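Okay, so here's the structure we're looking at.
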Amino acid sequence: MASKELKTFTRDEVAKHNVDGDLWVIIDAKVYDLSRFKNLHPGGAAVLIDEEVAGKDATEAFYGLHKHEVIAKPQYARLQIGVIEGEKSVIHGRVVGELSKVPYAEPTWLTDGYYSPYYTDNHRRFQKAVRKFVDEVISPDAAAREEDGKPPSKNVIEAMAKVNLHAMRMGPGKHLKGLELMGGIVKPEEFDYFHELIITQEFARCGKRGYGDGLMSGSIIGLPPVLNFGSPEIKARVIPDVISGQKLICLAISEAFAGSDVAGLKTTAKKTEDGKHWIINGTKKWITNGTFAHYFTVGCRTDDGFTVILVERGEGVETKAIKTSYSPAAGTAFVTFDNVKVPVENTLGPEGGGIFVMLSNFNHERWVMICSSARSQRLIVEECLKWTTQRKAFGKPLHSQAVIRSKIAAMISRVESVQSWLENITHQMNNMSYKEQASKLAGPIGLLKMYATRSAQETATDAVQIFGGRGITRTGMGASIEHYHRTVPFDAILGGAEDVLGDLGVRQAIRAMPKNAKL
Ligand code: HEM
């Protein structure tokens with residue numbers, strides 16, 4: 001509705017429209033005519049005709065029961081007929097590209113008046129641009145695709161390619177050479193792990209876990225073996241395909257038979273008699289992006305042990321969707337390889353050296369997952385702070401209950417400690433060679449991922465308790481909480497189960513114990 005059509009009313013005038021058939025309410029200094037909408041109201045007519053609501057200021061009642069996005073929808077916004085004389089609306093939803101003012105809703109470095117040793121002005125400019133891009137391009141698609149379960153839209157993948165987001169999500173390195181990054185905000189040689197952390201954390205703000213994985217997360221784990229171990233010919237063909245968003249690649253390691261236990265994998269690759277091809281047979285399970293991937297980075301048993309081979313979709317390759325507890329937008333697949341013939345040139349790294357190819361990939365994958373988990377937890381803190389402020393129980397805001405404040409205290413402490421440890425590790429990554437990272441950071445990253453995902457699950461449980469029935473309802477006020485609680489275990493399983501990672505961290509520490517260290 002154009003604003004000039006809106007009239008100005010006094011509160012007394014509005015109060016006269018307080019009966020069935022002539023029903024107005026005030027919400028945030030705006031006047032709504034609900035006379036006809038009343039019978040369509042999902043919450044029923046009775047609550048609107050109630051004498052506490054009809055003709056009155058229903059701001060508090062409205063925000064106790066609806067998200068702001070309800071009233072921002074065009075079909076409801078047009079119920080507005082006027083504004084209250086001399087008053088201004090103060091409530092607004094997320095503003096594109098803006099930082100939240102809710103305490104702890106942003107990491108410290110993005111909070112007014114606080115400092116950080118890690119981020120430069122360039123990181124800040126980069127964050128602004130990525131946030132705007134996510135708010136404008138990705139978030140609307142995330143909400144729609146999470147609902148209909150289709151893969152992320154092609155126009156989003158293409159828009160990401162245009163600013164080279166796919167390439168940046170592989171981390172700093174030679175693959176960025178000559179590319180214009182985020183419209184030139186950051187030079188390829190300046191791009192560091194804090195820039196990548198920013199991308200991952202801004203993406204996580206969409207709060208749609210299945211879609212998030214659908215957004216080419218398969219490439220983040222499937223492409224590095226090609227980048228680091230592919231032959232020059234393979235690199236020249238596959239890398240441009242993937243970073244331009246034209247083709248998708250996924251990592252196919254885990255099987256119904258084995259996950260973390262790579263030695264237990266059953267997919268085989270046998271050489272043809274002339275030694276020119278591999279013949280691959282076997283199955284892979286839980287392969288993220290598998291249903292729509294064009295390339296598969298596949299872990300195989302070979303005569304020499306374990307070997308990683310690049311397979312293209314074609315004869316003998318089949319993918320079927322697996323129903324998981326998050327959206328099919330992630331493209332989670334069961335993959336079968338039936339006598340698939342692949343040139344030996346597609347071998348990634350040395351034959352029998354697949355374990356090293358995989359291990360060198362794990363640190364980055366797990367670090368990306370921590371970045372994402374930390375940001376998703378923060379989103380939940382923001383939801384809980386808003387909800388406990390606007391929701392009244394026993395006549396007072398929910399946060400007037402000490403037990404609620406204690407849950408929020410624990411949530412804040414968890415997310416802040418995860419973010420601080422993460423930034424410390426990211427700083428180490430910026431200052432270590434890839435090889436040093438593999439030897440010095442595998443343990444800390446494993447431990448932090450374990451800590452982050454345990455924290456995330458505790459926060460999810462606390463949030464459901466705070467939201468009550470709404471925390472288990474897919475629409476309405478608690479929709480984000482329900483979604484988070486349902487999908488949070490993905491972080492704790494993908495990239496290595498919690499106990500395995502914690503153990504890895506401690507074993508690495510034990511190996512480094514000095515022989516002369518005694519009590
Ligand atoms: C412009 C005014 C209003 C619009 C457009 C509107 C719209 C909606 C919508 C779309 C829902 C479905 C739930 C959701 O998506 O969040 C809903 C539920 C509800 N509404 Fe309204 N509503 C309005 C005003 C009010 C007011 C003033 C009350 C006063 C008490 C109210 C009480 C409720 C209740 C009790 C529910 C059910 C909530 C639940 O299931 O948790 N609504 N409303």
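Residues: numbered from 1 along the sequence shown. Ligands are counted one by one from 1 in listed order, and the atoms in each one are counted from 1 as well. In this text, all values refer to a predicted model and were calculated from it rather than measured experimentally.
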Gln419, Arg131, Arg375, Gln127 screened by side chain to side chain donor-acceptor pair (under 3.5 Å) with Gln201, the one that passes: Gln419

Consider ligand 1: state whether an atom of it lies below 4.0 angstrom from any non-hydrogen atom of Ile71. yes

Using 30° and 60° as the class limits, which term best fits the ring planes of His427 and Tyr118: parallel, tilted or perpendicular? tilted

Taking the basic N atoms (NZ, or NE/NH1/NH2) and the acidic carboxylate oxygens, is any pair closer than 4.0 Å for Lys56 and Asp50? no

For Ala58, counting its heavy atoms only, list the atoms of ligand 1 lying under 4.0 Å from any of them. 27 (C)

Measuring from atom 21 (Fe) of ligand 1, count protein N/O/S atoms under 2.8 Å, please. 2

Kindly say whether the aromatic ring centers of Trp109 and Tyr114 come within a distance under 6.0 Å. no

In ligand 1, which numbered atoms sit nearer than 4.0 Å to a non-hydrogen atom of Phe37? 3 (C), 4 (C), 5 (C), 6 (C), 7 (C)

Does Glu52 come within less than 4.0 angstrom of ligand 1, counting non-hydrogen atoms of the residue? no

Qualifying residue for salt bridge (Lys or Arg N to Asp or Glu O under 4.0 Å) with Arg378, from Glu202, Glu383, Glu416: Glu416

What atoms of ligand 1 come closer than 4.0 angstrom to any heavy atom of Tyr76? 5 (C), 10 (C)

Does ligand 1 have an atom that lies less than 4.0 angstrom from a heavy atom of Leu34? yes

is_close_aromatic(Trp24, Phe9), centroid dist under 6.0 Å: yes

Nearest protein heavy atom with distance in Å, relative to atom 13 (C) of ligand 1: Gly476 CA, 4.7 Å

Kindly confirm or rule out a cation-pi arrangement of Arg366 over Phe362, judged by NZ or CZ under 6.0 Å from the six-membered ring centre and within 45° of its axis? yes

Looking just at side-chain N and O atoms, do Thr426 and Trp367 make a donor-acceptor pair shorter than 3.5 Å? yes

Which residue from Gln80, Gln75, Arg470 reaches closest to atom 41 (O) of ligand 1 through any of its heavy atoms? Arg470

Tyr63 vs His68 aromatic rings, parallel, tilted or perpendicular, using cut-offs 30° and 60°? parallel

Does the side chain of Ser480 come under 3.5 Å of the side chain of His483 through a donor N or O and an acceptor N or O? no

Test your reading of the structure: does Tyr32 have an N or O sitting under 3.5 Å from an N or O of ligand 1? no

